[in-house]
Amino acid sequence: MRVDSCGTEKIGQWEMLPDTCLLHIFKYLSDDERSKAALVCHHWHNIMRMPCLWRCRSFHFSGHRSLKQSEYIAAEGYAENLGVFLESLEVTVCPPRSMVMAQRLHSTICALLNALVRVKAPLKSLSILRLELDRSSWDRGLRNVVVDKLIYFLLRSASRLNNICLNGMRIGTQLGLELISAIIQNQRSLSPLCGLSLDLRGFFSNSVPNHLNLNIPHMLQQLQGLTHLGLSYSCLSDELLLALSQSNRARRYKYGRGNILQRFSLFCTQNEPHQQVVQGYSWATLVSSCPDLKVILTIEQVIDSQQLVRILLPEIPLMVYNMTAFYSPDENWNAKPLLRNMLPCYRHSLQSLTLDLSNRRKSLDNELLELVNVCECLIDLRIWAFLDVRTVGRLLHMRLTKKMSLNKIRVRIYTMPENTEEQEYQLKEVLSPFCYPPELQFLAVICPFI
């Protein structure tokens with residue numbers, strides 16, 4: 001910065017930039033960098049106080065002792081000074097390993113929520129991720145206070161939330177139901193036409209069979225503006241699907257198709273109990289009440305074919321399927337029944353497919369190609385597997401010669417470390433004849449399997 005003979009501040013070419021450009025640049029600065037930039041001149045100071053720079057904020061709280069306490073204090077300070085502008089807040093927690101760190105997290109989260117209530121923050125989106133309150137480091141007192149403070153925020157704040165994510169909270173059923181009740185009361189202050197996105201994947205603890213608790217369907221049925229719902233598969237039951245169907249029929253009759261459930265995300269992992277058997281009729285009933293419903297299913301770790309048959313019912317309007325399967329080569333389970341018999345049932349609806357398969361001893365090349373060939377709506381394909389390098393060429397040839405909507409392809413070919421260089425050369429030879437159209441996003445790499 002320089003000052004001319006008349007005492008006017010000059011900052012060179014930067015002063016020629018319009019405010020719109022400055023705002024765009026300032027959005028990429030950290031809080032410390034913004035504080036320093038605000039000292040450059042009066043104009044920049046005024047720009048830095050514009051609400052659009054402070055509407056979205058994310059904090060990451062570690063559960064390790066090495067974290068500086070100033071990072072916790074900064075969260076409360078941000079809420080006190082700039083919370084009046086805040087519309088979207090995301091808090092990600094690395095679960096605490098000790099009671100000392102749990103106490104620090106408890107104090108920080110409570111102070112943050114109190115400050116947001118005091119300044120009447122106009123939040124529309126709130127995400128609190130991976131609290132994992134069922135860990136032993138959270139004693140019962142701390143756990144209850146954190147949940148009570150979140151309930152207090154939902155009931156007393158000026159926020160009118162249309163997006164709530166409590167992914168990985170892992171609390172007991174009773175506390176979880178009390179928190180959902182507070183969400184319902186918060187929603188009653190909104191117009192019924194305002195849609196609600198609610199992510200409760202990993203919300204309840206896995207230690208109890210949540211699908212047997214009839215209070216969960218009863219509570220979720222009362223969320224009148226629910227358009228996007230995320231749940232752990234362990235919560236799924238016929239009663240839940242029928243309750244959602246009944247609620248959606250009532251809302252569809254009163255408000256039209258724009259205010260009913262549109263996206264249903266389910267997360268399934270080996271650590272969750274899967275004893276429940278959900279009937280295809282229940283899915284069909286829900287689909288009839290929500291004609292535009294799309295289901296996103298994510299499965300992690302080993303799930304045998306019998307479990308998958310119970311989960312992947314043909315009545316499900318499956319749009320996205322993500323699967324990560326870590327299993328020993330000595331195990332009997334393999335992905336061929338999934339690729340040959342189960343996923344082809346969704347050839348008219350499946351748009352995105354991600355498969356990470358450590359199929360070291362079982363070839364899946366032909367099954368994968370046939371699956372891609374029959375899926376009429378597939379747009380995004382991501383495959384991590386042991387594959388023949390020539391399979392990538394066959395996949396590209398299929399995409400370029402057949403009328404397909406598949407425009408995103410990511411292939412990671414697993415190989416043993418000693419074969420990496422040879423496989424990379426072969427892949428380069430296979431891909432060299434192809435010319436990609438501009439709309440196709442394609443990537444294929446060789447990855448050593450460790």
For this session: State, without any angle test, whether Q187 and Q224 hold a side-chain donor-acceptor pair at a distance under 3.5 Å.
Result: no
For this session: Verify, without hydrogens or angle tests, whether Y281 (side chain) and D238 (backbone) share a donor-acceptor contact under 3.5 angstrom.
Result: no
Exercise. Parallel, tilted or perpendicular for W283 and F264, by the 30°/60° rule?
Worked result: tilted
Exercise. Got N322 and F267 here, is their nearest side-chain heavy-atom distance under 4.5 Å?
Worked result: no
For this session: Would you please classify the geometry between the H24 ring and the Y28 ring as parallel, tilted or perpendicular, with 30° and 60° separating the classes?
Result: perpendicular
Exercise. So does K124 have more than 12 non-hydrogen atoms from other groups sitting under 6.0 Å from NZ?
Worked result: no
Exercise. Do Y321 and Y346 have their ring centres less than 6.0 Å from each other?
Worked result: no
Problem set entry | Residues which pass ring-ring contact (aromatic ring centres under 6.0 Å, His included) with Y253, listed by chain and number, not counting sequence neighbours | none
Exercise. Should V445 and R412 count as side-chain neighbours, where that means a heavy-atom distance under 4.5 Å?
Worked result: yes
Exercise. Would a 4.5 Å heavy-atom cut-off, applied to side chains only, mark L338 and M323 as touching?
Worked result: yes
For this session: Using modelled atom types only, decide if a donor and an acceptor are shared between the side chain of S405 and the backbone of I379 within a distance under 3.5 Å.
Result: no
Problem set entry | Side chain proximity check, P437 to L400, heavy atoms < 4.5 angstrom | yes
Exercise. Is the number of heavy atoms from other residues, nucleotides or ligands within 6.0 Å of CZ (R394) greater than 12?
Worked result: yes
Exercise. Where do S288 and R252 come nearest, in terms of heavy atoms and distance?
Worked result: O-NH1, 3.5 Å
For this session: Evaluate whether atom CZ of R390 has more than 12 neighbouring non-hydrogen atoms of other residues, nucleotides or ligands under 6.0 angstrom away.
Result: no
Problem set entry | More than 12 heavy atoms of other groups within 6.0 Å of K336 NZ | yes
Problem set entry | Whether over 12 other heavy atoms sit under 6.0 Å from R410 CZ | yes
For this session: Answer with yes or no whether the side chains of Q221 and H218 bring together a donor and an acceptor at under 3.5 Å.
Result: no
